[in-house]
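To keep things clear, I will list the structure first and then write my remarks on it.
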Amino acid sequence: FAPVLAGGGYCSEANALLHGLKSLPPGEAPPLRVTHHGDAIDYFFYSGLPEDYARELDSMLTARQPRARDSVIVCHSEPGAWDP
């Protein structure tokens, strides 16, 4: 859960982490799924991504949802994005 399509600081940090994990050698990278969360989508930002980054991000946004017991869930968004 992160504002991966919003541009800005939280977006950049989350995308850097995801890209780093996807860049691990084959067999070492865990399966990844990401959900855009916490800010509005900035279509101008998304359309400006390098093609390989956009393709990589699309694959994580559309990946099958793993079983909860096989998952580590990380939320990287500002506290105001959560509604208790």
Side-chain angles (χ1 to χ4, degrees):
F1 295 93
V4 294
L5 300 172
Y10 280 88
C11 171
S12 296
E13 292 170 353
N15 282 324
L17 173 65
L18 292 166
H19 181 68
L21 289 170
K22 286 296 256 187
S23 298
L24 290 171
E28 291 185 30
L32 296 171
R33 180 174 190 265
V34 65
T35 300
H36 177 81
H37 170 80
D39 207 344
I41 295 173
D42 180 343
Y43 293 98
F44 185 73
F45 163 78
Y46 178 73
S47 66
L49 288 173
E51 207 172 297
D52 57 331
Y53 269 54
R55 192 171 31 255
E56 184 178 83
L57 189 54
D58 286 343
S59 75
M60 290 183 280
L61 286 163
T62 59
R64 183 184 68 77
Q65 185 171 344
R67 296 181 304 188
R69 69 178 187 189
D70 297 333
S71 301
V72 174
I73 299 170
V74 177
C75 176
H76 185 62
S77 61
E78 57 94 13
W82 290 95
D83 185 10

Partners of [X] by side-chain contact (heavy atoms from CB on, under 4.5 Å), sequence neighbours excluded?
X	result
D39	P3, A6
T35	F1, R33
I41	L5, H36, Y43

Can you list the residues that meet the side-chain hydrogen bond (donor to acceptor under 3.5 Å, both in side chains) rule with [X], with sequence neighbours excluded?
X	value
D58	Y46
E78	none
R64	none

Residues which pass salt bridge (charged side-chain N to carboxylate O under 4.0 Å, His left out) with E51, listed by chain and number, not counting sequence neighbours: R55
Residues that R67 engages under salt bridge (charged side-chain N to carboxylate O under 4.0 Å, His left out), provided they are two or more places apart: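 Listed in chain order: D70.
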Minimum-distance pair of heavy atoms, taken over all atoms of V4 and L57: O-CD2, 3.9 Å
Listed once per pair and sorted, the side-chain hydrogen bond (donor to acceptor under 3.5 Å, both in side chains) pairs that draw on residues 3-18, sequence neighbours left out: E13-H76
Listing, residues 19-26 side-chain donor-acceptor contacts under 3.5 Å, not counting sequence neighbours, or none:
unit_1	atom_1	unit_2	atom_2	d
H19	ND1	E56	OE1	2.8
H19	NE2	Y53	OH	3.3
S23	OG	H19	O	2.7

Other cluster members, F44 - Ile/Leu/Val/Met/Phe/Trp/Tyr, side-chain contacts below 4.5 Å: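 The other cluster members (ILVMFWY side chains, heavy atoms under 4.5 Å, direct or chained): none.
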